[in-house]
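Since the structure comes first, as structure tokens, the remarks are kept for the end.
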Amino acid sequence: MSEQLKKIKKQLKKELDKNRYQHTLGVMYTASCLAMRYGSDMEKAMLAGLLHDCAKCIPSDRQIHLCEKHRIPIREVERKNPHLLHAKLGAYLAKTEYGVKDPQILHAIEVHTTGEPGMGLLDKILFVADYMEPHRDKAPDLPKVRALAFTDLDGTVRQILYDTIHYLNQKRGSVDSRTYDTYQYYEKEHYGTNHT
Ligand code: FE
Ligand code: FE
């Protein structure tokens, strides 16, 4: 593990609660496995995994305050559901507080909750690793997702978005329209047409 990774790992241990820290390590190692499989840069995948939730344990009102202070635009859906903010605030903090300059890493962190149409390889690796890391146990279809992730990355992204939309809808949570946009894109890519 590089010195940079070690240093950030130590910093995060102080910032995150115990469960979030465990999740973070799970995402870091899962992202590195997917990077091995798909020929992506392992160091970048580990940094993205390590930092993706760096803003998650900041209280909601403070997340809103920090976004406003640093002129990070807040959409209506994010104001109503501040837990969505930790992705873009996390990307900002990864750059300013943790010294990560790589635009691919910062972008992967920024889109890790909703994904976005036409994601790059690192974006998809983080998105999938976040969903299936070993400590996760509540999401439906986990065994299927975990197996599929090592054979069909785009298909896995599509499956996760499908499950997220249906699972969150069942809980009457508010699904970000970006999640739907991403789902439509990967659905279309998969079937060559729109089935929704
Ligand atoms: Fe997150
Ligand atoms: Fe996460």
Side-chain angles (χ1 to χ4, degrees), residues 5 8-9 11-35 40 44-64 66-67 72 74-75 77-98 100 104-116 119-120 122-142 145-146 149 153 156-157 159-161 163-165 167-168 171 173-183:
L5 271 167
I8 295 175
K9 199 167 154 239
Q11 272 176 281
L12 281 170
K13 200 170 182 183
K14 290 182 229 150
E15 284 299 318
L16 303 175
D17 65 40
K18 214 174 164 206
N19 285 343
R20 188 59 47 184
Y21 184 67
Q22 289 303 322
H23 163 69
T24 286
L25 297 186
V27 176
M28 176 178 79
Y29 286 117
T30 305
S32 80
C33 294
L34 291 170
S40 186
K44 284 192 195 188
M46 289 177 87
L47 273 170
L50 190 58
L51 281 163
H52 82 286
D53 275 346
C54 70
K56 185 86 177 185
C57 292
I58 301 172
S60 295
D61 51 350
R62 179 143 181 86
Q63 285 195 44
I64 292 173
L66 285 171
C67 284
I72 300 166
I74 303 174
R75 292 175 300 134
V77 64
E78 291 166 335
R79 208 171 275 280
K80 282 191 192 137
N81 305 277
H83 67 273
L84 293 168
L85 277 179
H86 78 278
K88 58 168 88 162
L89 181 60
Y92 176 83
L93 295 178
K95 190 176 178 181
T96 55
E97 301 290 320
Y98 298 90
V100 171
Q104 286 178 344
I105 296 174
L106 299 176
H107 187 262
I109 296 172
E110 191 175 338
V111 302
H112 85 265
T113 40
T114 59
E116 72 175 13
M119 283 187 280
L122 189 62
D123 299 333
K124 290 187 274 194
I125 284 175
L126 179 60
F127 185 78
V128 169
D130 188 25
Y131 192 84
M132 71 171 209
E133 62 93 3
H135 303 95
R136 291 277 201 205
D137 58 4
K138 291 192 184 65
D141 279 352
L142 268 173
V145 164
R146 283 175 174 143
L153 194 60
T156 310
V157 168
Q159 184 65 47
I160 289 171
L161 289 159
D163 290 342
T164 301
I165 287 165
Y167 177 62
L168 287 182
K171 285 186 10 182
S174 177
V175 177
D176 191 327
S177 62
R178 282 203 184 153
T179 305
Y180 286 110
D181 294 346
T182 313
Y183 174 63

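Any value given below was found using the heavy atoms of this structure, including those in side chains, with hydrogens, waters and symmetry copies removed. Whatever order the structure lists them in is the order used to number ligands and atoms, beginning at 1.
His112 contributes NE2 and Asp53 contributes OD1; the angle these two atoms make at the Fe ion (ligand 1) is 90°, rounded to 10°. With the Fe ion (ligand 2) as the vertex, NE2 of His52 and NE2 of His23 span 90° to the nearest 10°.
Nearest N/O/S atom of His86 relative to the Fe ion (ligand 1): this is NE2.
Of the N and O atoms on the side chains of His112 and Asp53, at least one donor lies less than 3.5 Å from an acceptor on the other residue.
Crowding of Arg62 atom CZ: a count of heavy atoms from other residues, nucleotides or ligands under 6.0 Å not exceeding 12.
Annotation for Thr113 and Ala87: closest pair OG1-CB, 3.7 Å, computed over non-hydrogen atoms.
The Fe ion (ligand 1) does not have Asp130 among its coordinating residues (no N/O/S atom, backbone or side chain, under 2.8 Å).
No salt bridge links Asp17 with Lys56; every basic N to acidic carboxylate O contact stays at or beyond 4.0 Å.
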